[in-house]
2 protein chains.
Amino acid sequence: METRRDIFQAIADPTRRAILVLIAMQAMTPNALAEHFHTSRQAVSKHLKVLAECELVKPELSGREIYYQLEIGKMKEIDTWLEPFRKIWADRFNQLDDVLATLKKQQNEK
Amino acid sequence: METRRDIFQAIADPTRRAILVLIAMQAMTPNALAEHFHTSRQAVSKHLKVLAECELVKPELSGREIYYQLEIGKMKEIDTWLEPFRKIWADRFNQLDDVLATLKKQQNEK
DNA sequence: TAGTTGCGCAACCAGATAATTGCGCTTATA
DNA sequence: TATAAGCGCAATTATCTGGTTGCGCAACTA
């Protein structure tokens, strides 16, 4: 219960990832979201709670309904963590580029 | 036990993320990795097994030692999932850009 | 006002996780 | 050859997780 919430742990669950995708299009209520999955509204509510705790989602009250909307900013944290790795695969790609360039040069010199 | 391995679930664990970062720099053995954490070699081995199962890491045998190296390619799956969201925050940034441009224009027209 | 709808919260449960401990196997070293 | 080092695997355990059910409360509606 008093588990520290972590954004990576939040997106580990497939249902929560799907919720984020749906909400990205348009803010939705728990009931509306639940219709997209094979689970109860309460289960969706729990997922929303987790997402809200790590600020990936924000509730917006409207009468007795609650529209949850995406907080895109927090998603950047994942992107930030990924950054150094992205750098690595970009470098590898450049290395491959060099190899190809060398091969081409050799062929031209034939 | 025969749980389907998922890359998002794999990076949900902080220790596993740390392992990926360490290995990104240089291939390492389970023992060497364990020294960086407050856990046993066996625990690290289990994490490596999870990472290997979703092809984030690849074992390379060398005598009685096993060097685990990063398989950078799989990391792209995370990047791919993130792509549409990145698009969203880029759009918001552009919208902000538009707002700033409009404000500037209005100021110039004064 | 009475009944319905949309929610969140608490209790409970089965299955998954991470970590420890104890092996046994293989490879290096004295 | 005997001993030590590096591993992976299996069994065990405490904890976490996702799901369901049953409330109770606030807000619409007939």
Side-chain angles (χ1 to χ4, degrees), chain A residues 1-23 26-71 78, chain B residues 1-23 26-71 78:
Chain A
M1 181 192 290
E2 16 270 330
T3 313
R4 176 163 293 295
R5 291 300 174 189
D6 177 279
I7 193 174
F8 290 97
Q9 194 246 351
I11 64 162
D13 185 272
T15 303
R16 282 197 289 266
R17 285 201 302 280
I19 288 176
L20 289 175
V21 170
L22 283 170
I23 282 185
Q26 181 183 18
M28 294 175 80
T29 66
N31 262 323
L33 282 167
E35 285 174 10
H36 287 78
F37 308 104
H38 301 291
T39 53
S40 63
R41 171 188 59 80
Q42 283 89 336
V44 170
S45 255
K46 276 183 138 188
H47 285 306
L48 287 168
K49 191 181 177 188
V50 172
L51 293 172
E53 276 172 10
C54 39
E55 299 174 290
L56 276 167
V57 137
K58 195 172 63 181
E60 195 181 338
L61 303 172
S62 169
R64 70 182 158 181
E65 292 181 314
I66 303 180
Y67 286 86
Y68 284 86
Q69 59 182 159
L70 184 65
E71 286 203 84
I78 307 167
Chain B
M1 183 193 294
E2 17 273 330
T3 314
R4 176 162 292 297
R5 292 299 175 190
D6 178 282
I7 193 174
F8 290 96
Q9 195 245 351
I11 64 164
D13 185 272
T15 303
R16 281 197 288 266
R17 285 201 300 281
I19 288 176
L20 289 175
V21 170
L22 284 170
I23 282 186
Q26 181 183 19
M28 294 176 79
T29 66
N31 263 322
L33 282 166
E35 284 174 11
H36 287 79
F37 310 104
H38 302 291
T39 52
S40 63
R41 172 188 60 79
Q42 283 89 337
V44 171
S45 255
K46 277 182 137 190
H47 285 305
L48 286 169
K49 190 180 176 187
V50 172
L51 292 172
E53 276 172 8
C54 38
E55 299 173 290
L56 277 168
V57 137
K58 195 172 61 182
E60 195 180 338
L61 304 172
S62 169
R64 69 179 161 185
E65 292 180 315
I66 304 180
Y67 287 86
Y68 284 86
Q69 59 181 159
L70 184 66
E71 286 203 84
I78 307 168

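Fair warning: this is a prediction, and the values are worked out from it, not measured in the lab. As a basis for the values below, the full set of heavy atoms in this structure was taken, side chains included, without hydrogen atoms, waters or symmetry mates.
The side chain of Y68(B) places an N or O atom within less than 4.0 Å of a non-bridging phosphate oxygen (OP1 or OP2) of dG8(D). Phosphate contact (OP1/OP2 of dG19(D), side-chain N/O of T39(A), threshold under 4.0 Å): absent. One finds no side-chain N or O of N31(A) lying less than 4.0 angstrom from the OP1 or OP2 phosphate oxygen of dT5(C). The phosphate of dT17(C) (OP1 or OP2) has no side-chain N or O of H47(B) nearer than 4.0 angstrom.
As judged by a 4.0 angstrom heavy-atom cut-off over every strand, F37(B) is placed among residues making no nucleic acid contact.
Separating the CZ atom of R17(B) from the P atom of dA18(C) is a distance of 12 Å, rounded to the nearest angstrom. Distance K49(B) NZ to dA10(D) P: 7 Å, rounded to the nearest Å. When rounded to the nearest whole Å, the span between CD1 of I11(A) and P of dG18(D) equals 13 Å. Remark: C1' of dG6(D) and CD of E60(B) are 16 Å apart, rounded to the nearest angstrom. Residue L61(A) contributes atom CG, which lies 12 Å from atom C1' of dA27(D) at whole-angstrom precision. In this structure, F8(B) places its CZ atom 19 Å from C1' of dG18(D), rounding to the nearest Å. Across the protein-nucleic acid pair, Q9(B) atom CD and dC16(D) atom P stand 16 Å apart, rounded to whole Å. Between L33(B) atom CG and dA19(C) atom P the separation is 14 Å, expressed in whole Å.
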Short heteroatom pairs, N/O only, protein and nucleotides 21-24 of chain D, under 3.5 Å:
unit_1	atom_1	unit_2	atom_2	d
dG22(D)	O6	Q42(A)	NE2	3.2

If you restrict it to nitrogen or oxygen atoms, what contacts under 3.5 Å exist between nucleotides 1-4 of chain C and the protein, and what is each distance?
none

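Judged as a salt bridge (charged side-chain N to carboxylate O under 4.0 Å, His left out), and not counting sequence neighbours, the contacts of E55(A) are K74(A). Partners of K49(A) according to the side-chain contact (heavy atoms from CB on, under 4.5 Å) rule, which considers only residues two or more places apart in sequence or in another chain, are E53(A). Looking at residues two or more places apart in sequence or on another chain, you find no side chain to side chain donor-acceptor pair (under 3.5 Å) involving R41(A). Evaluation of the salt bridge (charged side-chain N to carboxylate O under 4.0 Å, His left out) rule for R17(B) yields D6(A) as partners, not counting sequence neighbours. A search for side chain to side chain donor-acceptor pair (under 3.5 Å) contacts involving E65(B) returns Y67(B), not counting sequence neighbours. Shown here are the side-chain contact (heavy atoms from CB on, under 4.5 Å) partners of I66(A), two or more places apart in sequence or in another chain: P59(A), L61(A), Y68(A). Every side-chain contact (heavy atoms from CB on, under 4.5 Å) that A12(B) has, sequence neighbours left out, goes to A12(A).
Listed nucleotides: dA19(C), dC9(C), dC9(D). Nearest to the side chain of T15(B): dA19(C).
Taking both residues in full, the closest heavy atoms of L70(B) and L56(B) are given as CD1-O, 3.5 Å, listed atom of the first, atom of the second, then distance. Across every non-hydrogen atom of Q9(B) and R16(B), the tightest pair is O-NH2, 3.4 Å.
Each of V44(B) and E65(A) was assigned the nucleotide of DNA chain C with the nearest heavy atom; the assignment lying further toward the 5' end belongs to E65(A).
With hydrogens and angles ignored, a donor-acceptor pair under 3.5 angstrom links the side chain of K46(A) to the base of dG19(D).
Contact of the L20(A) side chain with the V57(A) side chain is registered, since non-hydrogen atoms from C-beta on lie closer than 4.5 Å.
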